[in-house]
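Written below as structure tokens is the structure these notes are about.
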Amino acid sequence: MIKINQGTPLTAVKLVVDLGGKLPWLLCHKGTYNSSSIRPVKCMSALCSLATKPLNSTCIYKNACSIYTSNPVTNSVARGELVSDLVTVLSNEDSNVTLGTPVASLLRCAFGCATTVNISSGLAKGANGVAALGRSSALSFVTQFAVGFPFSHIFALDLHDNIQDDKLNQTRGKIYFGGGPYIHYLYGYEDWADRVLTYTPLLINPKSKEEYFIDVKSIKVHGDTVPINKKLLSINKKTGTGGTKIDIQTPYTSLQTSIYKAFIKAYTRWVERYNSANAKVRDSTPNITMVTPVAPFTACYNSSTMPLVTEFNSVPPGVAFIFPHSVWNISLYDLVRVKKGVDCVGFVDGGSKPKTSIVIGARQIGFLEFDISRSRLGFEQPNIIDYEVCNWCTPDGRPIEPPNIKD
């Protein structure tokens with residue numbers, strides 16, 4: 001979820017992020033949203049013409065603009081009305097313009113006003129609505145912010161910010177709009193730096209133009225290419241099926257069944273090779289030990305027997321997505337600590353006939369920049385050097401006790 005401040009008086013509102021959403025919306029049934037600055041959008045206005053409206057809706061002068069609100073979790077839709085209200089946006093504190101002091105700016109944004117309570121079914125606890133970040137919609141937050149301020153059609157997700165927020169007792173993530181810099185803490189160097197990104201083109205799925213597809217050509221597991229039916233990696237232009245997309249609503253990357261089986265088999269073969277090589281080295285290094293799987297995963301291991309992150313610098317990446325001209329190494333995010341002493345390969349079976357063959361989920365995303373203006377996706381390679389001195393890191397690369405970081 002993200003938190004935005006909007007309305008009068010200014011109120012913090014929590015919204016579930018929908019990467020493929022066309023229209024941001026809030027729950028507006030009685031008593032849930034009160035603001036003196038909210039304004040209805042008339043059905044004959046230019047703004048209303050940009051929204052997806054019910055098929056049987058009729059527009060009469062001065063009437064409110066009827067629209068559909070969409071739930072990205074349940075895929076349900078419900079009627080609502082298009083309204084606008086003031087939203088407060090903080091500037092990037094790391095930019096050369098603000099020089100460390102965020103500047104608050106007001107912008108009037110349009111959003112759906114959902115009056116049906118059950119439209120929020122399945123959303124995260126405490127969510128008041130949905131933040132739509134669709135690629136081509138004129139009413140997504142990406143477009144509204146870009147037009148309103150103005151700046152480039154760019155946003156970035158940071159889902160693995162290692163800075164602990166003691167007040168909230170949770171690790172903070174961030175969303176940037178309009179581009180960087182994306183300053184983060186380098187543990188190995190004990191310093192701050194901008195992120196270094198590698199790019200690959202964004203593809204357009206003619207049947208899902210709001211979503212973010214990329215051209216994955218193959219997957220490698222510890223250097224071995226996973227055998228995949230190439231047809232599954234291509235988008236069918238007529239049906240929109242196949243291909244690879246990014247989806248924050250998917251907690252762990254899902255793979256079409258045949259891809260998943262080949263992927264897990266490749267991981268198992270690597271474990272066997274590791275143990276075989278380990279047997280030839282007469283030291284105290286333990287063999288990797290498989291344990292009873294923990295759903296929804298099928299390959300789980302005794303965490304005390306897994307190689308430490310410090311060893312990743314001398315071997316091929318644990319998991320890598322191969323693009324036509326670049327490689328995305330996600331070796332720090334391929335494992336999931338499901339409980340004490342158990343690490344599982346953090347990928348799931350997406351079924352034999354999914355709409356999309358590979359859906360890269362939140363666990364594996366890390367940091368991504370969605371540059372819509374240049375139709376490209378920016379990703380960050382794991383900074384292995386940071387973790388070579390990270391003795392407090394778990395096998396999945398997360399600090400157990402982050403250091404006390406001062407300004």
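In what follows, every heavy atom counts, from backbone to side chain, and hydrogens, waters and symmetry copies are set aside. Residues take their numbers from the sequence shown, with the count starting at 1.
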**Donor-acceptor under 3.5 Å (Ser152 side chain, Gly178 main chain)** = no

**Item:** Heavy-atom neighbours of Lys42 NZ exceed 12 at 6.0 Å
**Value:** yes

**Item:** Close side-chain approach of Pro227 and Lys265, heavy atoms under 4.5 Å
**Value:** no

**Request:** Begin with the C-alpha distance, continue with both residues' side-chain angles, and end with the deciding distance and a verdict on side chain to side chain contact (heavy atoms under 4.5 Å, CB included) for Phe177 and Val89.
**Result:** CA-CA 10 Å; Phe177 290 94; Val89 180; 5.8 Å; no

**Message:** Which residue in the set Leu23, Ile119, Asn75, Val77 passes side-chain contact (heavy atoms from CB on, under 4.5 Å) when paired with Ser70?
**Reply:** Val77

**Complete:** Value for CG (Asp85) from OH (Tyr33), rounded to nearest 0.5 Å, stands at 3.5 Å

**Message:** Just to verify, what does Asn34 make a side chain to side chain contact (heavy atoms under 4.5 Å, CB included) with, not counting sequence neighbours?
**Reply:** none

**Item:** Closest non-hydrogen atom pair between Thr198 and Ser326, with its separation
**Value:** CG2-CB, 3.8 Å

**Item:** Any donor-acceptor pair under 3.5 Å from Thr69 side chain to Ala78 backbone
**Value:** yes

**Asked** Measuring from Arg79:CZ to Ile67:CD1, what's the distance to the nearest 0.5 Å?
**Response** 10.0 Å

**Asked** Any disulfide (SG to SG under 2.5 Å) pairs touching residues 338-379, not counting sequence neighbours?
**Response** Cys300-Cys344

**Complete:** Closest non-hydrogen contact found for Tyr274 with Pro286 is CE2-O, 4.2 Å

**Message:** Could you work out, with side chain to side chain contact (heavy atoms under 4.5 Å, CB included) as the rule, every residue matching Leu233, not counting sequence neighbours?
**Reply:** Ile228, Lys230, Ile358

**Any residue meeting salt bridge (Lys or Arg N to Asp or Glu O under 4.0 Å) with Arg269, in chain and number order, not counting sequence neighbours** = none

**Message:** For the backbone of Gly134 and the side chain of Ser140, can you confirm whether one donor and one acceptor N or O come within less than 3.5 Å of each other?
**Reply:** yes

**Message:** If we ignore hydrogens and angles and just use 3.5 Å, is the side chain of Glu369 paired with the main-chain N or O of Tyr176 as donor and acceptor?
**Reply:** no

**Request:** Would you confirm whether Arg195, through its side chain, and Gly180, through its main-chain N or O, come within 3.5 Å as a donor-acceptor pair?
**Result:** no

**Asked** Do any pairs count as a side-chain hydrogen bond (donor to acceptor under 3.5 Å, both in side chains) and have a residue in residues 123-135, sequence neighbours left out, and if so which ones?
**Response** Arg135-Ser375

**Request:** Mind checking the CD1-CD1 spacing from Ile2 to Ile175? Nearest 0.5 Å is all I need.
**Result:** 4.5 Å

**Request:** For Ser84 and Ala110, indicate whether the former's side chain and the latter's backbone hold a donor-acceptor pair under 3.5 Å.
**Result:** no

**Request:** Give the intermediate values and the outcome of side chain to side chain contact (heavy atoms under 4.5 Å, CB included) for residues Ser254 and Tyr260.
**Result:** CA-CA 8 Å; Ser254 68; Tyr260 179 77; over 6 Å; no

**Message:** Tell me every residue that passes salt bridge (Lys or Arg N to Asp or Glu O under 4.0 Å) with Lys245, counting only those two or more places apart in sequence or in another chain.
**Reply:** Glu211

**Request:** Kindly determine whether Phe321 and Phe379 satisfy ring-ring contact (aromatic ring centres under 6.0 Å, His included), including the steps that lead there.
**Result:** CA-CA 11 Å; Phe321 294 111; Phe379 52 91; 9.4 Å; no

**Prompt:** Any donor-acceptor pair under 3.5 Å linking the side chain of Thr116 with the backbone of Asn118?
**Reply:** no

**Request:** Please tell me if the side chains of Phe263 and Ile219 come closer than 4.5 Å, counting only heavy atoms from C-beta onward.
**Result:** yes

**Item:** By ring-ring contact (aromatic ring centres under 6.0 Å, His included) - contacts of Phe370 (at least two apart)
**Value:** Phe155, Tyr212

**Request:** Identify the heavy atoms of Val327 and Ala320 that sit nearest to each other, and give their distance.
**Result:** CG1-CB, 3.8 Å

**Asked** side chain to side chain contact (heavy atoms under 4.5 Å, CB included) with Val73: which residues, sequence neighbours excluded?
**Response** Asn71, Leu123, Gln249

**Request:** Decide yes or no for Phe213 and Ile204: does some side-chain heavy atom of the first lie under 4.5 Å from some side-chain heavy atom of the second?
**Result:** no

**Complete:** What one should report as the nearest heavy-atom pair of Ser357 and Gly242 is OG-CA, 3.5 Å

**Prompt:** Short question: side chain of Ser49, backbone of Ala46 - any donor-acceptor pair under 3.5 Å?
**Reply:** yes

**Message:** Within the 3.5 Å criterion, strictly below it, is a donor on Tyr182 or Glu380 matched to an acceptor on the partner's side chain?
**Reply:** no

**Aromatic ring proximity Tyr267/Phe347, centre distance under 6.0 Å** = no

**Prompt:** Donor-acceptor pair, Ser208 side chain versus Asn205 backbone, under 3.5 Å?
**Reply:** no

**Test: Cys43-Cys65 SG spacing under 2.5 Å** = no

**Request:** Check the pair Leu15, Phe141 against side chain to side chain contact (heavy atoms under 4.5 Å, CB included), reporting the backbone distance first and the verdict last.
**Result:** CA-CA 12 Å; Leu15 303 175; Phe141 272 148; 3.9 Å; yes

**Asked** Does the side chain of Trp270 come within less than 4.5 Å of Ile288's, by heavy atoms?
**Response** yes

**Asked** Shortest non-hydrogen contact from Val17 to Ile248?
**Response** O-CG2, 3.5 Å

**Fill in**
So the disulfide (SG to SG under 2.5 Å) pairs with at least one residue in residues 2-33 (sequence neighbours excluded) are Cys28-Cys113

**Asked** Got Val83 and Phe111 here, is their nearest side-chain heavy-atom distance under 4.5 Å?
**Response** yes

**Message:** Please enumerate all residues that pass side chain to side chain contact (heavy atoms under 4.5 Å, CB included) together with Glu81, with sequence neighbours excluded.
**Reply:** Ala64

**Min side-chain heavy-atom separation Val319-Thr253 under 4.5 Å** = no

**Message:** Is the shortest side-chain heavy-atom distance between Gln6 and Leu26 below 4.5 Å?
**Reply:** yes

**Message:** Using 0.5 Å steps for rounding, measure from the CG atom of Leu377 to the CD1 atom of Ile360.
**Reply:** 8.0 Å

**Request:** Report yes if the side chains of Thr244 and Phe323 come closer than 4.5 Å at any heavy-atom pair, otherwise no.
**Result:** no

**Request:** Show the numbers, then the answer: is there a side chain to side chain contact (heavy atoms under 4.5 Å, CB included) between Thr200 and Val216?
**Result:** CA-CA 10 Å; Thr200 190; Val216 170; over 6 Å; no

**Message:** Suppose we screen for salt bridge (Lys or Arg N to Asp or Glu O under 4.0 Å). Which residues come up paired with Arg376, at least two apart in sequence or across chains?
**Reply:** Asp371

**Message:** Which residues pass the salt bridge (Lys or Arg N to Asp or Glu O under 4.0 Å) test with Asp215, not counting sequence neighbours?
**Reply:** Lys217

**Request:** Determine the minimum heavy-atom distance between Ser352 and Pro354, stating which atoms define it.
**Result:** C-CD, 3.4 Å

**Message:** Using a 3.5 Å distance criterion without hydrogens, assess whether the side chain of Arg363 forms a donor-acceptor pair with backbone atoms of Thr250.
**Reply:** no

